[in-house]
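This report concerns only the one structure given below.
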Amino acid sequence: MSRREQIRLLVLIALSLPVYFATLELPVVIVNEGILGEAFHHSKTARLFEVTIPLPQSLGGKLHVFEGLELGQLAFLLTSCAAFLVLILLHAGFKYVLERQKGRIATAVNQHLQETVTANLLASAPSATASLKSGEIVSVLRADIEPVGNFAGQAFGTPLVQVGHAAVALVFISLQSPILGTLAAATLVVQFWIVPRLGEHEVHLQAARREVGRRLGGRLGEVVEALPAIRAEGVVAYEHGRMREELGRYAAITLEAQRWGALTYASMAGFAQLSRLAMFMGGGLLTFFGSLMIGNLVAVLNAFREMPEAAEELLKWHHKLHDIEERYARLPTRFGSRPSRREAAEQPPHFACGHLKANALVVENARGVTVIDGLDLTVPLPAHIGLIDSGGEAARSLAAVLAGEMTPSHGYLRLASTRIEELAPDLVGRELGYVPPNVPLFDATLRTNVAYGLYRRPPPGPGGDWTDFERAGVDGPEALDARIIDLLQAVGLGPDLYAAGLGSPLARAPDPDTGARIVASRVRLRAALDEQGLSELVEPFNPDHFLENGTLLENILFGRAHPSAPLRTGELLRDRGFAALLRDSGLTARLAETGRSIAGQLIAMYETGAGDAIPDSHARLLSERDVPAAREALRTGDEAAAMRIAFRYCETRHRLGLVDDALRSAVLAVRGRAVDALAPSLRKQLHVYDAKRFCEAASFRDNLLFGRVVQRIAGAGRKVDQMLAQTLGDLDLTRDVYRAALELPAGAGGRLLDGQQKALLCLARALLKRPSALVVNLDIEALPPPRRASLLDSLRREMQGKTLVVVCGAADTVADFDTRISFDGARLRAVEEGRRDAGLLALDLAG
C-alpha cells in the first residue's frame with residue numbers, strides 16, 4: 001500500500017469520526033428537548049444547532065460561532081430528526097467510501113503478491129520445485145495469498161475505524177456519566193484480555209489444517225494424473241485406502257480447529273451480552289436514583305450498542321492478524337529462494353565459441369544419489385557432442401545441468417566461459433535450446449506449442465501478439481507457419497502432420513481464396529478418380545442418395561456439426577419441429593427399433609464376457625458403463641434413449657445388418673425437410689453438405705473429394721491419399737493441409753499425441769528459436785534406425801556452426817560427431833575427439 005493511499009484512508013477515517021459523534025449526540029437532543037420538552041418549560045421556543053466555544057470569564061465566558069435556529073417544540077423535533085437523517089446518510093456514505101478504498105488496497109496487494117510469488121516460482125532453482133505438485137501450487141496462490149491480500153485492505157482501516165468508534169462512544173458515555181464510562185472501559189479490558197488467548201490456539205490449528213489440506217490437494221492431483229496406471233495395476237482399493245486415511249487426518253484436525261473456533265466465538269458473544277447487561281443495570285440504577293436523565297440514558301445505551309460490535313470486530317481483526325502473519329511467514333519458503341543470477345538485460349552468452357568446461361563437478365539427483373562424481377572436462381566450442389551412457393544417469397544429468405534443470409552440489413560447469421547456474425532463465429532460454437526427457441506440452445494448438453519459445457516480446461497493449469518473429473528469422477505469421485512446417489518435416493513429423501491435416505476438420509474456416517480453390521478442385525479430382533479407375537473408392541455426397549459411409553443422423557440432416565461444438569442428440573429429440581417430422585414420417589419407431597436392436601446385441605456381448613473383444617467403434621455406440629442405463633431403457637421402452645444409439649450407427653463401420661432399403665427410403669424422404677424443421681439455434685450449429693461451398697465440419701479430405709472414402713474396400717484410404725497428394729501439389733494446396741494440422745489441439749499435457757510425437761514436437765520448438773546451443777536429452781534409440789539417422793542428419797544441418805549436444809545410449813549413434821563423451825556409472829570413462837582433428841584421440845580417464 002502506497003503512502004498516498006494510507007494518508008487518504010487516515011483522512012477519511014478522521015473525517016468520519018465527528019459525524020459519528022454527532023449521530024450519538026443528536027438523539028439526546030431529540031429525546032430531552034424535542035420529546036420531553038426540557039428546553040420549553042420557560043419558553044415556547046428554543047435554539048437548535050447553536051454553536052458556542054467556551055472562553056474564560058475575562059474574555060466574556062463564551063464565543064457564539066452560530067446563533068442557531070429559533071424553533072417551536074414541534075418544529076424543533078422535526079428539524080432535529082431531519083438533521084439526524086442527514087447524519088445517518090453521511091455516515092453511511094463514509095462507510096461506503098472507506099470500504100471501496102479498502103477493496104482497492106486489497107486488490108492491489110493481492111495482485112502484487114501473486115505476481116511476486118509466481119515470478120519466484122518461475123525463477124526458482126529446479127531443486128526447489130522438483131517435488132511440487134500442481135495442486136499444491138494452486139492452493140498456495142489461492143488459499144494463502146488471497147487472504148493475505150484481502151487482509152491488507154483491513155490492516156489499517158478496520159482497527160482505526162473500530163478503535164475510533166469505540167473511543168468516540170467511550171468519550172460520549174463518560175461525558176454523560178463517568179461511572180458508566182468507567183464500567184464500559186472495564187468490560188472492554190476484560191474482554192480483550194481473555195478472548196485473544198483463546199483464539200491463538202485456533203490460529204495454529206487452522207495453519208496446520210491448511211498444510212494438511214495442501215498436501216491432500218497435491219496428492220489428489222497426483223492420483224488423477226496416475227488414474228490409467230492405477231486402473232491398469234488394479235490398485236484402486238489401495239489408493240482409496242490411502243486417500244481415506246489422509247482425509248481422516250484432515251477431518252480430525254478440522255474438527256479440533258472448529259472446536260476452538262466455536263469456543264472463541266461463544267466467548268466473544270457471551271462477553272458482549274454480559275457487557276450490555278452491566279450497562280443496563282448500571283444505567284437503570286443511576287436513572288432510578290435521579291443521577292441520569294432518561295434522554296441521556298437512551299443516548300448512552302445507543303452509544304454502547306456500537307461498542308460491543310466494535311470490540312467484536314477488533315477481536316476478529318486481532319484473530320485474523322495472527323492467521324495472516326502465519327500465512328505470510330510461510331510464503332517466502334514455498335518455492336525456495338531465487339538463485340543469484342545475472343539480469344536478463346545483460347548481453348547474452350555466446351555458446352558458439354569458447355569451451356565447455358567442468359571442474360570437479362558433482363551432481364546429485366532428487367533422491368540424493370550422486371549421478372556425476374568429480375567430472376573434469378574441457379571441450380572446445382562450437383562442437384557437436386555426443387553424451388553416451390548405456391546404463392547410468394550421468395549423461396542425462398550432465399545435459400540437465402547444461403540446461404539449468406539440475407544444480408551442481410559441488411564444482412561448476414561453464415558453457416562458453418559462463419557458469420550456467422549464474423544465468424537468468426531468460427538468458428539461457430534465448431540462446432540455449434533444451435529438449436527434456438519428459439516433454440512439456442500445453443493444452444493448445446500444435447502451432448502454439450511449437451512457437452511457444454518465441455513468446456518473449458511484450459506487446460504494446462493487452463491481447464497483443466507476443467511472438468518474436470525476428471528470433472525465428474521470419475517476417476510474419478505466414479512465414480512463421482512455413483518455417484514451423486519445415487522444421488516438423490525435418491524432425492520426422494511430416495507424414496504425421498500431413499495425415500492429421502488431411503483427416504481432421506479445420507479448426508477455423510480457410511481464407512476465401514483457399515476455400516474457393518478447394519471447391520473448384522472437386523470436379524478435377526472426380527475426373528482424376530475416374531481416369532485412374534478409383535471412382536468406386538469414394539462415395540460422393542449426393543443429396544439424392546443414401547450415404548452408406550455416414551451415420552444415420554448424418555444421412556437425415558445431410559450434414560454434421562463441427563466436433564469442437566457437437567450437436568447433442570438429446571437437444572435434437574427435444575426440438576418440437578424435428579421430433580414431429582420424425583414421428584409423422586414413421587422414422588421414430590424405425591430408429592427406436594434399430595437402437596433397441598443395437599443395444600440388445602451389445603448388451604449380450606458384454607454380459608457373456610466378450611466385452612474386451614468389442615471394437616472401439618462399437619463401444620462408442622454403447623460403452624460398458626452405459627449398459628445398466630441401456631438395459632433400463634429397453635425395459636421401460638424409452639424411445640429417446642434407443643434413438644440416440646441409432647443416430648450414431650453406420651452400416652459400413654459397425655456391420656450389424658440393421659440398415660435395409662426401407663430404412664434408406666424413409667431417411668431420404670425426410671432429408672430435404674429435416675434442416676428446415678430445426679429451431680434456428682440448432683440450425684446454426686449444423687454444416688450442410690453443399691457442392692458449391694466449403695464444409696467447415698468435414699475433414700480436408702472429405703472437402704476435396706466432396707465425398708467419403710469407402711470403408712468396405714481394403715486399402716481404399718491409402719490409394720486415394722496417394723492420388724490426393726499429387727493433386728494437392730498441382731493445386732498448391734499441400735501447405736494448406738499442413739496449416740490445417742497446425743490448428744489441431746495437442747490436448748492437456750499433449751495427451752492427443754503419442755510419446756514420440758511429443759518429443760519431436762518439442763525438438764522442433766527448440767530449433768525454431770535458432771539457438772546457438774541445443775541440448776537433446778531424448779531417448780533417441782527409441783526411433784527406428786533409418787528415422788534416427790535422418791533425424792540426426794537434420795539436427796546437424798540445422799545446428800551447423802553451432803553447439804549440439806545429444807544424449808544417447810550407444811557410441812554408434814553419434815559415430816560422426818566431433819566429440820563423444822562416455823560415462824561408466826557416475827564417473828567419466830572416455831572423451832573421444834572425432835573429425836575435428838586429423839585422427840581420433842582417445843583419452844582413457846577411467847583410472
Side-chain angles (χ1 to χ4, degrees), residues 536 538-561 566-603 617-618 620-622 626 630 633-691 695 697-698 702 706-712:
E536 65 174 0
V538 178
E539 181 184 18
F541 293 141
N542 188 329
D544 299 324
H545 290 80
F546 187 88
L547 183 62
E548 300 291 341
N549 293 277
T551 65
L552 287 175
L553 180 61
E554 191 177 4
N555 268 285
I556 292 170
L557 298 173
F558 196 59
R560 57 183 296 180
L567 189 64
R568 301 187 183 279
T569 53
E571 294 181 55
L572 283 174
L573 293 174
R574 286 192 296 271
D575 183 81
R576 293 182 179 179
F578 185 74
L581 177 66
L582 296 184
R583 185 176 58 254
D584 295 343
S585 64
L587 260 180
T588 297
R590 288 297 309 270
L591 290 171
E593 181 184 350
T594 302
R596 283 192 287 268
S597 179
I598 296 170
Q601 293 186 50
L602 293 178
I603 288 173
S617 59
H618 291 63
R620 281 192 282 271
L621 287 175
L622 182 67
D626 294 330
L634 288 177
R635 187 185 67 80
T636 59
D638 187 345
E639 283 189 335
M643 290 173 71
R644 284 197 291 269
I645 296 174
F647 278 152
R648 299 192 291 270
Y649 182 75
C650 172
E651 183 61 56
T652 57
R653 186 184 308 140
H654 300 115
R655 301 183 182 183
L656 297 179
L658 298 175
V659 176
D660 54 18
D661 290 339
L663 182 56
R664 292 186 181 95
S665 299
V667 168
L668 291 175
V670 300
R671 176 180 283 177
R673 295 172 288 157
V675 176
D676 294 334
L678 291 173
S681 59
L682 294 177
R683 204 178 306 150
K684 288 179 181 178
Q685 302 177 47
L686 184 67
H687 298 268
V688 177
Y689 298 133
D690 186 339
C695 181
D702 290 355
F706 194 64
R708 187 156 296 156
V709 176
V710 176
Q711 299 181 30
R712 60 180 172 79

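Starting from 1, each residue takes its place in the sequence as its number. Model, not experiment: these values are computed from the prediction.
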Provide the closest heavy-atom pair for [X] versus [Y] in the form atom of the first, atom of the second, distance.
{"X": "Leu686", "Y": "Ala561", "answer": "CD1-N, 4.3 Å"}
{"X": "Gly595", "Y": "Ala646", "answer": "N-CB, 3.8 Å"}
{"X": "Leu573", "Y": "Ala579", "answer": "O-CB, 3.6 Å"}
{"X": "Ala630", "Y": "Leu622", "answer": "CB-CD1, 3.7 Å"}
{"X": "Ala592", "Y": "Glu639", "answer": "CB-CG, 4.1 Å"}

Per the side chain to side chain contact (heavy atoms under 4.5 Å, CB included) rule, which among Leu557, Leu587, Asn555, Asp584 passes with Val670?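 Among the candidates, only Leu587 passes.
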Do the side chains of [Y] and [X] get nearer than 4.5 Å, heavy atoms only?
{"X": "Ile603", "Y": "Leu634", "result": "yes"}
{"X": "Leu582", "Y": "Met643", "result": "yes"}
{"X": "Arg653", "Y": "Thr551", "result": "yes"}
{"X": "Arg590", "Y": "Val667", "result": "no"}
{"X": "Val710", "Y": "Asn549", "result": "yes"}

Who passes ring pair (Phe, Tyr, Trp, His ring centres under 6.0 Å) against Phe541, sequence neighbours left out?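 By the ring pair (Phe, Tyr, Trp, His ring centres under 6.0 Å) rule, Phe541 matches Tyr689, Phe706.
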For Phe647, all residues meeting ring pair (Phe, Tyr, Trp, His ring centres under 6.0 Å), sequence neighbours excluded: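 For Phe647 there are no ring pair (Phe, Tyr, Trp, His ring centres under 6.0 Å) partners, ignoring immediate neighbours.
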Between Tyr649 (side chain only) and Thr594 (backbone N and O only), is there a donor and an acceptor less than 3.5 Å apart?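 Not confirmed, Tyr649 side chain does not pair with Thr594 backbone.
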Main-chain N/O of Gly559 paired to His687 side chain as donor or acceptor, under 3.5 Å: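 Between the backbone of Gly559 and the side chain of His687 there is no qualifying donor-acceptor contact (under 3.5 Å).
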From [atom1] ([X]) to [atom2] ([Y]), nearest 0.5 Å:
{"X": "Gln685", "Y": "Leu572", "atom1": "CD", "atom2": "CG", "answer": "8.5 Å"}
{"X": "His618", "Y": "Arg655", "atom1": "NE2", "atom2": "CZ", "answer": "9.0 Å"}
{"X": "Glu651", "Y": "Leu663", "atom1": "CD", "atom2": "CG", "answer": "9.5 Å"}
{"X": "Leu602", "Y": "Leu656", "atom1": "CG", "atom2": "CG", "answer": "6.5 Å"}
{"X": "Leu682", "Y": "Phe578", "atom1": "CG", "atom2": "CZ", "answer": "9.5 Å"}
{"X": "Leu591", "Y": "Arg596", "atom1": "CG", "atom2": "CZ", "answer": "10.5 Å"}

Leu552 and Phe546: side-chain contact (heavy atoms from CB on, under 4.5 Å), yes or no, with the steps? CA-CA 9 Å; Leu552 287 175; Phe546 187 88; 3.9 Å; yes
Give every residue pair that meets the salt bridge (charged side-chain N to carboxylate O under 4.0 Å, His left out) criterion with at least one member in residues 661-682, sequence neighbours excluded.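 Checked against salt bridge (charged side-chain N to carboxylate O under 4.0 Å, His left out) - neighbours excluded - the pairs reaching residues 661-682 are Glu548-Arg664, Asp661-Arg664.
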Is the shortest side-chain N to carboxylate O distance from Glu554 to Arg708 below 4.0 Å?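 Looking at Glu554 and Arg708, the cut-off is met.
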If you measure from the Lys or Arg side-chain nitrogens to the Asp or Glu carboxylate oxygens, is any gap between Arg683 and Asp575 under 4.0 Å?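 Salt bridge flag = no for Asp575 with Arg683.
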Would one find more than 12 heavy atoms of other residues, nucleotides or ligands at under 6.0 Å from atom CD of Gln601?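 Counting other residues, nucleotides and ligands, CD of Gln601 exceeds 12 neighbours.
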